[in-house]
Amino acid sequence: DTHNPSAASDSGPRKRKNQRQQAAPRSPSFLPQALSLLADAAGRLPLGEHPDALRSLIDTAAELAAFNVLAAVLGSRYHAEAVQDVIRALVPLVLSGAKSAARSSAVEFLVRKIVPLGADEEGEEEGIRKLVGYLPRLLAAKAPEKSEARGLAVEAIVEVVQAMEPLQREGFAAYLVAMSRGKAKGRLFAVDMVLAMLPVLLPLEIDDSGLQDGSWGLKCVQVLVERCSDSAGAVRARALTNAAHALDVLSERGVEVDRLQEVMKIGDMGLGELLRRRCIDDKAAVRKAALVLITKAIGLVGRPVDESLLAAMGAACSDPLVTIRKAALAAISEVFRKFPDESVTKEWLQAVPSLMIDSETSIQEECENLFLELVLNRVCQAANLKLDDDSVNLEELFPDGTLDLLKSICDGEVVPCIKRICASLGKKKKLRPLLASSLQNIITISETLWLRSSKPIENWTAPAGAWWLLSEVSSFAPKSVNWKFLSHHWKLLDNVGQEGKGKASSEGEPNSALWAVDRVSLLQTISNVSMELPVEPAAELAHSLLTRIENFDMNLSEVDAHVKSLKTLCKRKAKTAKEAEALIMKWVQQLINKAVDSLETYIKGTSQDSRGCSYNTPLTGKFKGRKEASTSKEMSEAVIAVFTVGSVILACPDASVQGIIPLLHTVITSGNPEPRPTMLAGGAVSFNEVAPSLYIQSWDTMAKICLVDDKLAKRYIPLFVQELERSDLATLRNNIMIAMADFYVRYTALVDCYMSKITKVLRDPCEVVRRQTFVLLAKLLQRDYVKWRGVLFLRFLPSLVDESDKIRHLADYLFGSILKAKAPLLAYNSFIEAIYVLNNCTGHGGYSESQSQSSQGSQSSDRGQTLFAIR
């Protein structure tokens, strides 16, 4: 039992595992005392006759960080033989990758004990001076590659070099220049070392000699610039980053801009061209570093900013990497902040507001803040401006670039993004009432200055973009908009618009389109502030709007604004919500009934003209002209009436449209090749040929009605798909494609079976239709209404090589960013099928989709079999 562990444990109490044992008393350390004694003896021992013993003593002292022993060795009579061994022993400690007290003490020992031995004094040996002079070169040659350790090595070398004499510093600078042209490891270290050496070579109180031709300060800066075009991506990125810091060093020392521009050149290539090339580099780190350098060096680029550099920065704002997009956003905004030229403003507005739909929240917030700072705050500066008696030129009154900025923000491509930015800023209560006051002041001053020059008011237009921006801002600052201001300009714009109709035939309306756009924005503003308006003026304005709509003689762009404003004003006029709904329904049905009468009259008239006897005496002279004018007016009224029905049905989905559906059906089916009863109204007329605008608007209005009536949608969606395939009107195909995208969201199951036919529009002959289709389908894919399955991926592929630059850019972004995240293996899994489809190979049985398309013609099949003979 004595050998049984369990028995032994039972014989006595079990000890706890965590029971504390009494710590044994620690014996005092005699190492410091021993090292002190060794230091005293080191200088007395005859170690010069025993080099191995001397080397062992130095290695032991370095390992124990006994610098007093090393100092004693250097102070002995045999120090000349010991210097090399001391340096050799301390280099590993100095270049260790971690910060420690021993490393700091080693660097300090080199600076205080080793470097002074190389001073040019009488009686010193030449060998020691050379040895000390080569010390920083030895450290540079043995420097580690890892970033953190390399940084510590650079710090140590700088401390050593600072303690050296000027001649020795220049010798090390020459070594760095040579090192920058060697291997990649050396070039990378030289780039970091050059930046650290600049403050040493260029004192704070620099004169022109510091950057003169042939000076080492200039050569070090040139090393950085040259390495920005290095063959290794890591070296290029590091050189660009360090060049940005070098500019700070040179600026602190008062180097003039002209001199900096000369220094930052590589041959004939200036800084702007260098930055442009690096912004489109294939390495992400290089692109980011280039954008950071642009932010620092924009003052050196000069005005005007090169358009190719602006385009490169704008393209970087769409980079797949978040860090690149952030850097590009900061860079192009810094350019815009310092140089608000027309070209810079245009590029900034094309690149930055679109980032509002970025997937990264921080980029969206930065986009909002920059738009508030660089655009809206600039506009606010015009709030307190007053018109002087001698003012003549409008541009001179406002801050530089304000009017150009307003004109640029209402560009069609950036309007959706700017609307989103304004809405987000308004919800966060960042839109100041001062902005609305400033826009009103701009419009008022413009009108006053125009009248002062004795010009007719009908030729005046407000500064472009002012009304539009006011319409976006007014919903968040309704109390800042003056009703007298709105009433005055509504009467002005409305009266001029009515008077212009009579002059349109004789004199033309050069400003009619601009006035129509301003009226739309003014109506939107009135709608936004309607709850702040007095009741009686609101009722009077509502009556005026209804009268204008009933005449069916407005520009189509104004109809939606009139309908929306009228609906809002009715809510303001009514005392209760129920009364408001009844009032809205009343005028909606009134408008629909008048639209039915107008469309029916035109269809009957056109049908009678087509069935007229061919042997009747043709009209001539003024009778023919009157007939044509009357027909044209009736067709215009019918088009506007149909468009108005589409607007009101979206504003009031419960309205009854049963009276106009048969008439719309007659128009949209008039182009069918099947024979139709000639006795029906419009039965023998092809409105596709007689009245294309009415034909297109009828399809649009039918689509709007289908969006609010699911039963009608089931009947007409197949007709939309059929018309999409066979129509020769690009405008109609484009509008139907937009309707199909809305249908896909509203009736996904009904439209999904037609996806193979819808995606054929991606190869439409019209570029606008192709681009619109691409954007709509991409949005559906992002929202997961459409999946990457079937032929969808294969239909999107040809867009990568489309004739249009815009479509190719969209395709690159879709495949490189969106698809890469959603389905990274889709291209890999569909590679074989893509080969068949892209080469029109329909003769092989390996791809069923290609077989299904064999009916398109034998020519493509023969071509595919010639390209591929896959067994």
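Only heavy atoms go into these numbers, but all of them, side chains included; no hydrogens, no water, no symmetry mates. Remember, predicted model here, so these are calculated numbers, not experimental data.
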Inset, instruction - Spell out, as yes or no, whether a donor-acceptor pair under 3.5 Å connects the side chain of S333 to the backbone of A330. - result: no

Inset, instruction - Would you give the length of the straight line joining atom CD of E170 to atom NZ of K219, rounded to the nearest 0.5 angstrom? - result: 9.0 Å

Legend entry - L240 and V292, any side-chain heavy atoms less than 4.5 Å apart: no

Legend entry - R236 bridged to D282 by N-O distance under 4.0 Å: yes

Legend entry - Minimum side-chain heavy-atom gap R337-E373 below 4.5 Å: yes

Legend entry - Evaluation steps, side chain to side chain contact (heavy atoms under 4.5 Å, CB included), between L435 and L470: CA-CA 8 Å; L435 179 59; L470 182 61; over 6 Å; no

Inset, instruction - For the pair K296 and E334, find out whether any cationic side-chain nitrogen is under 4.0 Å from an anionic carboxylate oxygen. - result: no

Inset, instruction - Decide if atom NZ of K146 counts as having more than 12 heavy atoms of other residues, nucleotides or ligands within a radius under 6.0 Å. - result: no

Legend entry - Pairs satisfying salt bridge (charged side-chain N to carboxylate O under 4.0 Å, His left out), at least one member in residues 171-181, at least two apart: R181-E226

Legend entry - Separation between CH2 of W467 and CD1 of I443, rounded to the nearest 0.5 Å: 4.0 Å

Inset, instruction - Identify, with sequence neighbours excluded, every residue that meets salt bridge (Lys or Arg N to Asp or Glu O under 4.0 Å) alongside D358. - result: R325

Legend entry - Non-neighbouring partners of S424 that pass side-chain hydrogen bond (donor to acceptor under 3.5 Å, both in side chains), sequence neighbours left out: E368

Legend entry - Among I363, I332, I421, L374, the one residue meeting side-chain contact (heavy atoms from CB on, under 4.5 Å) with V352: I332

Inset, instruction - Please identify each residue that fulfils side chain to side chain contact (heavy atoms under 4.5 Å, CB included) with D812, with sequence neighbours left out. - result: L800

Legend entry - Short side-chain to backbone donor-acceptor contact, R278 and A290, under 3.5 Å: no

Legend entry - Residue pair V375 / W348, side-chain heavy-atom distance below 4.5 Å: yes

Inset, instruction - Can you establish whether the number of heavy atoms outside R378 located under 6.0 Å from its atom CZ is more than 12? - result: yes

Inset, instruction - Give a yes or no answer on whether the side chain of D319 reaches the backbone of L321 with a donor-acceptor pair at less than 3.5 Å. - result: yes

Legend entry - Spatial distance of atom CG (L139) from atom CE (M193) [nearest 0.5 Å]: 9.5 Å

Inset, instruction - Show your reasoning for whether side chain to side chain contact (heavy atoms under 4.5 Å, CB included) applies to F189 and I157. - result: CA-CA 12 Å; F189 182 81; I157 294 174; 3.5 Å; yes

Legend entry - Pairwise side-chain contact, I280 with R287, heavy-atom cut-off 4.5 Å (strictly under): no

Legend entry - Listed once per pair and sorted, the ring-ring contact (aromatic ring centres under 6.0 Å, His included) pairs that draw on residues 794-817, sequence neighbours left out: F774-F796, W788-F796, F793-F815

Legend entry - Side-chain (S438) to main-chain (V379) donor-acceptor, under 3.5 angstrom: yes

Inset, instruction - Supply the atom-to-atom distance L198 CG to D248 CG, rounded to the nearest 0.5 angstrom. - result: 11.5 Å

Inset, instruction - Not counting sequence neighbours, which residues clear salt bridge (Lys or Arg N to Asp or Glu O under 4.0 Å) with R771? List them please. - result: E767

Inset, instruction - Would you please name every residue forming a salt bridge (Lys or Arg N to Asp or Glu O under 4.0 Å) with D192, sequence neighbours left out? - result: R150, R238

Inset, instruction - State, to 0.1 Å, how close A243 and L293 come at their nearest heavy-atom pair, and which atoms those are. - result: C-CD1, 3.9 Å

Legend entry - Residue pairs fulfilling ring-ring contact (aromatic ring centres under 6.0 Å, His included) with at least one residue in residues 274-293, sequence neighbours excluded: none

Inset, instruction - Search all heavy atoms of M737 against all heavy atoms of L776 and return the closest pair with its distance. - result: O-CD1, 3.7 Å

Inset, instruction - Count the heavy atoms belonging to other residues, nucleotides or ligands that lie under 6.0 Å from NZ of K428, then report whether that count exceeds 12. - result: yes

Legend entry - Ion pair R227/D230, N-O distance below 4.0 Å: yes

Legend entry - Non-neighbouring partners of L152 that pass side chain to side chain contact (heavy atoms under 4.5 Å, CB included), sequence neighbours left out: K99, R103, E155

Legend entry - Minimal non-hydrogen separation, L431 against L376, with atom names: CD2-CD1, 3.5 Å

Legend entry - Straight-line distance of R187 CZ to M179 CE, nearest 0.5 Å: 11.0 Å

Legend entry - Straight-line distance of T759 OG1 to L794 CG, nearest 0.5 Å: 9.5 Å

Legend entry - Within 6.0 angstrom of Q162 CD, more than 12 heavy atoms from elsewhere: yes

Inset, instruction - Start with the C-alpha distance between V194 and S180, add both sets of side-chain angles, then the distance that settles side chain to side chain contact (heavy atoms under 4.5 Å, CB included), and finish with yes or no. - result: CA-CA 9 Å; V194 161; S180 67; 6.0 Å; no

Legend entry - Shortest non-hydrogen separation from L201 to W216 and the atoms involved: CD1-O, 4.0 Å

Legend entry - Derivation and outcome, side chain to side chain contact (heavy atoms under 4.5 Å, CB included), residues L469 and V473: CA-CA 6 Å; L469 186 57; V473 174; 4.1 Å; yes

Legend entry - Side chains of K779 and Y785 in contact at under 4.5 Å (non-hydrogen atoms): no

Legend entry - Counterpart residues, ring pair (Phe, Tyr, Trp, His ring centres under 6.0 Å), relative to W468 (two or more places apart): none

Inset, instruction - Kindly check if the number of other-residue, nucleotide or ligand heavy atoms within 6.0 Å of CD (E342) is above 12? - result: no

Legend entry - Side-chain donor or acceptor of N377 paired with backbone N/O of L372 under 3.5 Å: yes

Inset, instruction - Answer whether the closest heavy-atom distance between the side chains of R432 and C380 falls below 4.5 Å. - result: yes

Inset, instruction - State which residues pass salt bridge (Lys or Arg N to Asp or Glu O under 4.0 Å) with D802; sequence neighbours excluded, sorted by chain then number. - result: R763, R770

Legend entry - N734: partners by side chain to side chain contact (heavy atoms under 4.5 Å, CB included), with sequence neighbours left out: I738, V768, V769, Q772

Legend entry - K185, NZ: over 12 other non-hydrogen atoms inside 6.0 angstrom: yes

Inset, instruction - Could you tell me whether the side chain of K427 reaches within less than 4.5 Å of the side chain of C422, counting heavy atoms only? - result: no

Inset, instruction - Taking S408 for its side chain and D404 for its backbone only, find out whether a donor-acceptor pair lies under 3.5 Å. - result: yes

Legend entry - Close side-chain approach of I294 to L309, heavy-atom, < 4.5 Å: yes

Legend entry - Donor-acceptor pair, side chain of S446 and main chain of I442, under 3.5 angstrom: no

Inset, instruction - Check E347 against G314 and note the closest heavy-atom contact, atom names and distance. - result: OE2-CA, 3.6 Å

Inset, instruction - Could you tell me which non-hydrogen atom of T295 sits nearest to which non-hydrogen atom of A331, and how far apart they are? - result: OG1-CA, 3.4 Å

